[in-house]
> 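Pasting a structure here, questions to come.
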Amino acid sequence: MKNGKVVAKGEPTVVFANAKELDWSDLRKPMLLEIYEILKEKEIVNGSNIPKNIEELKKCIK
């Protein structure tokens, strides 16, 4: 949302993947998603399913 208006609709994984809209809306990715992306870049996590909570993240770690 920006100025009380919805700027994006859809699955959270799709909405939060759009950096341009997040920046324009003055929003940030959830911290869990940011951590997951860092771990994925460093090849510390397995799989392609983005975790929705800390327990799912723990299961992704190699």
> Between atom CG of L57 and atom CD1 of I50, what is the distance when rounded to the nearest 0.5 Å?
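That separation rounds to 11.5 Å.
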
> Quick one: closest heavy-atom pair of E21 and A8, and the distance?
OE1-CB, 3.0 Å

> Got a second to check how far D26's CG is from N3's CG, nearest 0.5 Å?
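Reported to 0.5 Å precision, the distance equals 9.0 Å.
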
> If you measure from CG on N46 to NZ on K40, what distance do you get to the nearest 0.5 Å?
10.5 Å

> Quick check on the hydrophobic clustering: are L27 and L32 connected, directly or via other members, by side-chain heavy-atom contacts under 4.5 Å?
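Yes, because L27 and L32 connect within a single hydrophobic cluster, where side-chain heavy atoms sit under 4.5 Å apart.
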
> Would a single hydrophobic cluster contain both L33 and I61, if residues Ile, Leu, Val, Met, Phe, Trp and Tyr are joined by side-chain heavy-atom contacts under 4.5 Å?
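Looking at the clustering, L33 is in the same group as I61.
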
> Do V14 and W24 share a hydrophobic cluster, counting only Ile, Leu, Val, Met, Phe, Trp and Tyr and linking them when any side-chain heavy atoms are less than 4.5 Å apart?
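No, separate clusters.
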
> Nearest 0.5 angstrom please: D23 CG to R28 CZ, how far?
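D23 CG to R28 CZ: 12.0 Å, rounded to 0.5 Å.
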
> Can you give me the closest heavy-atom contact between E56 and K52, atom names plus distance?
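Closest approach of E56 to K52: OE1-N, 2.8 Å.
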
> Counting only heavy atoms not in K62, do more than 12 sit closer than 6.0 Å to its NZ atom?
yes

> Scan I44, L39, V45 and name whichever one has a side chain to side chain contact (heavy atoms under 4.5 Å, CB included) with C60.
V45

> Do the side chains of K58 and E55 get close enough for a salt bridge, i.e. N-O under 4.0 angstrom?
yes

> Can you name the closest pair of heavy atoms from N49 and Y36 and give their distance?
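Looks like O-OH, 3.7 Å.
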
